[in-house]
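Presented below is the structure to which this report refers.
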Amino acid sequence: MTMISLFPIAILLIGAATCHVSAFAPSSRVALSSRSSGATALELAAESEVSFDDLDGSALQIGVLRTRWNDDHVTNLVDGIKAGLKECKVKEESIFIKEVPGAYELPFAAKLLALSGTVDAIICCGVLIKGETLHFEYISEAVTKGIMDVNLSTMTPVVYGVLNCLNEEQVKKRSSSENGGHNHGEDWAKTAVEMAIMRREARGGKTKNLKELEAMGFGSKESGKEGAPPEKKERVFF
């Protein structure tokens with residue numbers, strides 16, 4: 001009697017579990033399309049699926065924080081960032097680049113730069129490659145959360161330009177446009193410009209320094225005139 005009454009419940013549980021798994025499973029149509037096109041997972045992930053409108057960043061100042069760890073790959077990504085910013089009309093003298101030792105130091109440096117009030121957006125650029133220990137997972141999670149926290153706590157766009165790859169081949173596919181790859185630095189640059197413009201529009205077309213930051217000695221007051229080019233801001237630490 002007990003077994004008969006529990007049978008419908010068991011059927012329901014099995015059905016629910018099946019629905020749960022299928023909801024998170026990759027689409028069979030996508031998988032079939034990938035197989036039929038002959039594209040590998042490595043190639044698909046390396047491609048850029050983000051499109052951008054024409055962006056005018058001529059009035060913006062962009063900060064780039066890059067790591068010395070995995071220097072060759074990061075240098076390639078920074079070259080991509082410079083190319084992307086140039087395409088968006090960002091002046092070369094309006095691009096600030098500073099090095100930090102590794103990815104773990106990126107959020108702290110980004111917080112300092114954001115509080116200085118000298119840039120409209122920041123791009124954190126680095127490369128993490130998985131090794132034999134859990135070091136990769138811990139650093140990746142900490143850096144990801146740290147960069148997001150800087151975005152929200154300072155209201156400054158901070159672009160996540162950190163590659164998290166399983167091997168060097170994956171890095172090369174994402175840091176260079178050679179051999180069918182795509183330099184993601186170009187996309188990060190355009191993202192920074194788009195978000196910086198959005199921030200300015202949300203603030204009425206002006207970059208306003210918060211009073212508490214001025215009291216701390218960060219940044220400088222702007223002219224506040226509509227359409228006027230931004231004044232050159234004195235960089236303290238940066």
Side-chain angles (χ1 to χ4, degrees), residues 48-68 71 73-100 106-107 109-127 147-148 150-151 154-163 174-177 181-209 213 218-238:
S48 175
E49 298 182 358
V50 181
S51 60
F52 296 89
D53 295 328
D54 291 335
L55 298 167
D56 184 1
S58 57
L60 300 176
Q61 297 187 79
I62 306 296
V64 180
L65 298 172
R66 55 148 299 166
T67 65
R68 293 193 297 274
D71 182 64
H73 297 307
V74 177
T75 297
N76 289 337
L77 289 167
V78 172
D79 288 342
I81 291 172
K82 291 178 180 178
L85 292 176
K86 183 178 181 180
E87 187 176 339
C88 295
K89 306 179 182 66
V90 178
K91 300 180 179 66
E92 187 175 353
E93 61 268 22
S94 297
I95 304 171
F96 161 72
I97 301 176
K98 186 171 182 63
E99 296 181 351
V100 296
L106 286 171
K111 184 70 172 282
L112 291 177
L113 182 53
L115 291 178
S116 75
T118 59
V119 294
D120 296 286
I122 300 169
I123 305 171
C124 290
C125 184
V127 171
I147 291 176
M148 177 56 73
V150 177
N151 271 280
T154 67
M155 297 304 293
T156 300
V158 184
V159 177
Y160 185 82
V162 180
L163 293 181
R174 290 155 180 80
S175 61
S176 173
S177 298
H182 174 71
N183 192 323
H184 285 253
E186 300 172 15
D187 301 325
W188 299 337
K190 295 175 183 178
T191 299
V193 171
E194 181 174 332
M195 298 309 295
I197 293 173
M198 180 185 296
R199 176 175 179 257
R200 283 201 167 195
E201 291 175 346
R203 293 186 167 192
K206 309 167 190 172
T207 302
K208 302 175 182 176
N209 293 320
L213 297 184
F218 289 103
S220 59
K221 295 183 179 179
E222 297 185 0
S223 61
K225 296 179 181 179
E226 290 291 344
E231 294 180 0
K232 292 293 183 180
K233 302 174 184 177
E234 180 183 356
R235 287 172 180 157
V236 186
F237 173 71
F238 291 90

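What's counted below: heavy atoms across the whole structure, side chains too, no hydrogens, waters or symmetry copies.
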Identify the two heavy atoms, one from [X] and one from [Y], that lie closest to each other, and give their separation to 0.1 Å.
X	Y	result
Asn183	Asn76	ND2-O, 2.8 Å
Ala189	Ile123	CA-CD1, 3.8 Å
Leu106	Arg66	CD2-N, 4.4 Å
Leu77	Gly126	CD1-O, 4.2 Å
Arg199	Met155	NE-O, 2.7 Å
Asp120	Ala59	OD2-O, 4.2 Å

**Message:** Does Ile81 form a side chain to side chain contact (heavy atoms under 4.5 Å, CB included) with Cys125? I'd like the steps, not just the answer.
**Reply:** CA-CA 9 Å; Ile81 291 172; Cys125 184; 4.1 Å; yes
Could you grab the distance from atom [atom1] of [X] to atom [atom2] of [Y], nearest 0.5 Å is fine?
X	Y	atom1	atom2	answer
Asn151	Cys124	CG	SG	8.5 Å
Ile147	Leu65	CD1	CG	9.0 Å
Lys91	Leu60	NZ	CG	9.0 Å
Leu55	Cys88	CG	SG	4.5 Å
Asp71	Arg68	CG	CZ	9.0 Å

**Request:** For the residue pair Trp188 and His184, categorise the inter-ring angle as parallel (less than 30°), tilted (30 to 60°) or perpendicular (more than 60°).
**Result:**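 Correct class here is tilted.
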**Request:** Show your reasoning for whether side chain to side chain contact (heavy atoms under 4.5 Å, CB included) applies to Val150 and Thr156.
**Result:** CA-CA 7 Å; Val150 177; Thr156 300; 5.9 Å; no
Which residues pass the side chain to side chain contact (heavy atoms under 4.5 Å, CB included) test with [X], sequence neighbours left out?
X	value
Lys86	none
Ala121	Ile62, Pro157, Ala192, Ala196
Thr191	Phe52, Val159, Met195

**Message:** Would you say that Ile97 contacts Lys82 through its side chain, given a criterion of any heavy-atom pair below 4.5 Å between the two side chains?
**Reply:**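 Yes, at least one pair of side-chain atoms sits under 4.5 Å.
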**Asked** Does the pair Val162 and Val127 meet the rule for a side chain to side chain contact (heavy atoms under 4.5 Å, CB included), with working shown?
**Response** CA-CA 5 Å; Val162 180; Val127 171; over 6 Å; no
**Request:** Applying side-chain hydrogen bond (donor to acceptor under 3.5 Å, both in side chains), name anything that partners Glu87, two or more places apart in sequence or on another chain.
**Result:**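 Partners of Glu87 by the side-chain hydrogen bond (donor to acceptor under 3.5 Å, both in side chains) criterion, ordered by chain and then number, come out as Lys190.
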**Fill in**
Residue set satisfying side-chain hydrogen bond (donor to acceptor under 3.5 Å, both in side chains) with Ser177, at least two apart, ordered chain then number -> none
**Request:** Please list, chain by chain and in numerical order, all residues satisfying salt bridge (charged side-chain N to carboxylate O under 4.0 Å, His left out) with Asp79, sequence neighbours excluded.
**Result:** none
